[in-house]
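A short write-up of the structure that comes next.
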There are 2 protein chains.
Amino acid sequence: MANNTRRTQRGEASLSRESIIDASIGLLDANGEAGLTFRALSERLGTGAGAIYWHIANKDDLLDAACDAVVAQTMAKAAGSAGPPREAIRAIGLGLFDAIDAHPWVGAQLARAPARMPMVRILEGIGSRVAAMGLSGNALWLGGSALLHYILGVAAQNAANRAFAQARGLVREDYLGTIGAEWSRLDPDAYPFTRSIAAQLCEHDDSADFVTGIDLILDGIAARQAGRA
Amino acid sequence: MANNTRRTQRGEASLSRESIIDASIGLLDANGEAGLTFRALSERLGTGAGAIYWHIANKDDLLDAACDAVVAQTMAKAAGSAGPPREAIRAIGLGLFDAIDAHPWVGAQLARAPARMPMVRILEGIGSRVAAMGLSGNALWLGGSALLHYILGVAAQNAANRAFAQARGLVREDYLGTIGAEWSRLDPDAYPFTRSIAAQLCEHDDSADFVTGIDLILDGIAARQAGRA
DNA sequence: ACCTGAACACCGTTCAAGT
DNA sequence: ACCTGAACACCGTTCAAGT
């Protein structure tokens, strides 16, 4: 409502790419990906639907720009925390984890737009730290891309979980409880493992588990380094 | 054209959930996710759009069922190859990699539908092998979910790459060449790492790198096991 | 140069009506 | 029980017309 004011008000900047992206982020945060439409956006900006196309190419461009705005800010914050490479990589991972917690649609967009700017920012932050660990050549490539893919995988899954829960109006506990109950009803002969971990589903700490996964990969990288030395 | 025949022909089974899923897979393979619409599907099946809703709940259900059909077949094949757990996990990973190569939309769907049947099949295949490596309790949970998230991350990224190239009619070399050229034009001060690996982008072997990532995580798991023993 | 807003070509989904 | 197909309520995008 408060944001619904006309931009013809005094002091109000005219329609710009930046203001469009800001409004898009607001809509995405409030109502998920379904909340971002050109009609809702033009209403919020107090303009016509077609005016937006003067500043952005299409909806893909808009989603990518919104995602990049969030990722750029997250990476700038994580890059500020100096320290040993391993700590820096953990900080980047946690920063992205929190960002996706606050903006679930970012995780979905990262999975959809490969090799675009948001991913490059993450790749640069991680890769430069892996290089600082003393890796180079093919080992550097392999270590960096394994970490990147793991982080993007968690990001996408977390985003999907959040979006699913949000669309059905469930809180985390209810959502995980529902999944756990479904898993418990699986055929014991075909799915013994999944049934056995159904109970753990509600108790685990997403964020801590995520960092442990990063540590596992870093341990694997270190083991190869030691073996080669 | 050949599939456009009416199902009132003699011997033709009546409309069923299975035939709808088969036709959906055909449309998805041919034209990507944009190719699956209820109009295209009903035309291909020689029926009305509304008839499909008698057999499936909605488009989400349809996409999930199509994804599950592909994943179920892939996992059944990978599960057949016995051997040490590490080999079995590699086989599952490679099987999924090939399946997503053939059906890029499967990777996108895996990223979107968390904790549904397709993911459970993968989780069961991997988790049971990690358990066979001697892990249990929290270590089992952490190892299994790290591997799962890594595999899903690669799956989603590969799917996005393929979909992007397919939508623009590019072959792999052209696509990677375009990305590499973009990366080479990045600001040298802000993106030294990404620029340094731009050249490697065209030469690397997706599939081999993917398996190496699995090995890195397995090495990390083994290192923790050794440290604890 | 920038904006308007009606119009276009689509979607997924529903539902009264048929068999 | 299963199918038809028109209708509904949306989309993203375009474009002649305005300022």
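Naming: A, B, ... by sequence-line order, numbering from 1 per chain.
Within the structure, every pair that satisfies the salt bridge (charged side-chain N to carboxylate O under 4.0 Å, His left out) test and touches residues 92-104 of chain B, not counting sequence neighbours, is listed here: B/Asp101-B/Arg162. Among pairs with a residue in residues 165-188 of chain B, those fulfilling salt bridge (charged side-chain N to carboxylate O under 4.0 Å, His left out) read B/Arg172-B/Asp206, at least two apart in sequence or across chains. Residue pairs meeting the salt bridge (charged side-chain N to carboxylate O under 4.0 Å, His left out) criterion with at least one partner in residues 48-67 of chain A, sequence neighbours excluded, are A/Arg17-A/Asp61, A/Asp64-A/Arg116. Among residues at least two apart or in separate chains, there is no salt bridge (charged side-chain N to carboxylate O under 4.0 Å, His left out) pair with a member in residues 48-57 of chain A.
In terms of the side chain to side chain contact (heavy atoms under 4.5 Å, CB included) criterion, residue partners of A/Ala155 (sequence neighbours excluded) are, by chain and number, A/Ile100. With sequence neighbours left out, B/Val211 forms a side chain to side chain contact (heavy atoms under 4.5 Å, CB included) with B/Arg90, B/Leu94, B/Asp215. For B/Arg112, the side chain to side chain contact (heavy atoms under 4.5 Å, CB included) partners at least two apart in sequence or on another chain are B/Glu33, B/Leu63, B/Ala108, B/Gln109.
Residues A/Thr37 and B/Arg39 each lie close to DNA chain D; by heavy-atom proximity, the contact nearer the 5' end of the strand is made by B/Arg39.
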Problem set entry | Intra- and inter-strand pairs of DNA chain D in dot-bracket (Watson-Crick or G-U wobble, both distances under 3.5 Å; | for another strand) | ||.|||||...|||||.||

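Across the protein-nucleic acid pair, B/Leu41 atom CG and C/dT13 atom P stand 12 Å apart, rounded to whole Å.
Counting only heavy atoms from C-beta outward, the side chains of B/Trp141 and A/Thr212 never approach each other to under 4.5 Å. Taking 4.5 Å as the limit, some side-chain heavy atom of B/Asp29 sits within range of a side-chain heavy atom of B/Trp105.
Checking C/dT4, C/dT13, D/dG12 against the side-chain heavy atoms of A/Phe38 singles out D/dG12 as nearest.
At a non-hydrogen distance threshold of 4.0 Å, nothing from residues 108-117 of chain A comes into contact with DNA chain C. Contacts between residues 49-65 of chain B and DNA chain C, counted as heavy-atom distances below 4.0 Å, involve B/Gly50, B/Tyr53, B/Asn58, B/Lys59.
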Taking only distance into account, with no hydrogens and no angle test, what donor-acceptor pairs under 3.5 Å do side-chain atoms of residues 190-197 of chain B form with protein atoms, sequence neighbours excluded?
unit_1, atom_1, unit_2, atom_2, d
B/Tyr191, OH, A/Arg121, NH1, 3.2
B/Thr194, OG1, A/Glu124, OE1, 2.7
B/Arg195, NH1, B/Ser184, O, 2.7
B/Arg195, NH1, B/Leu186, O, 2.8
B/Ser196, OG, B/Phe193, O, 2.6

Nucleotide N/O of nucleotides 17-19 of chain D paired with protein N/O under 3.5 Å:
none

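Judged purely by atom type and a 3.5 angstrom limit, A/Ser19 has no side-chain atom pairing as donor or acceptor with the backbone of A/Leu15.
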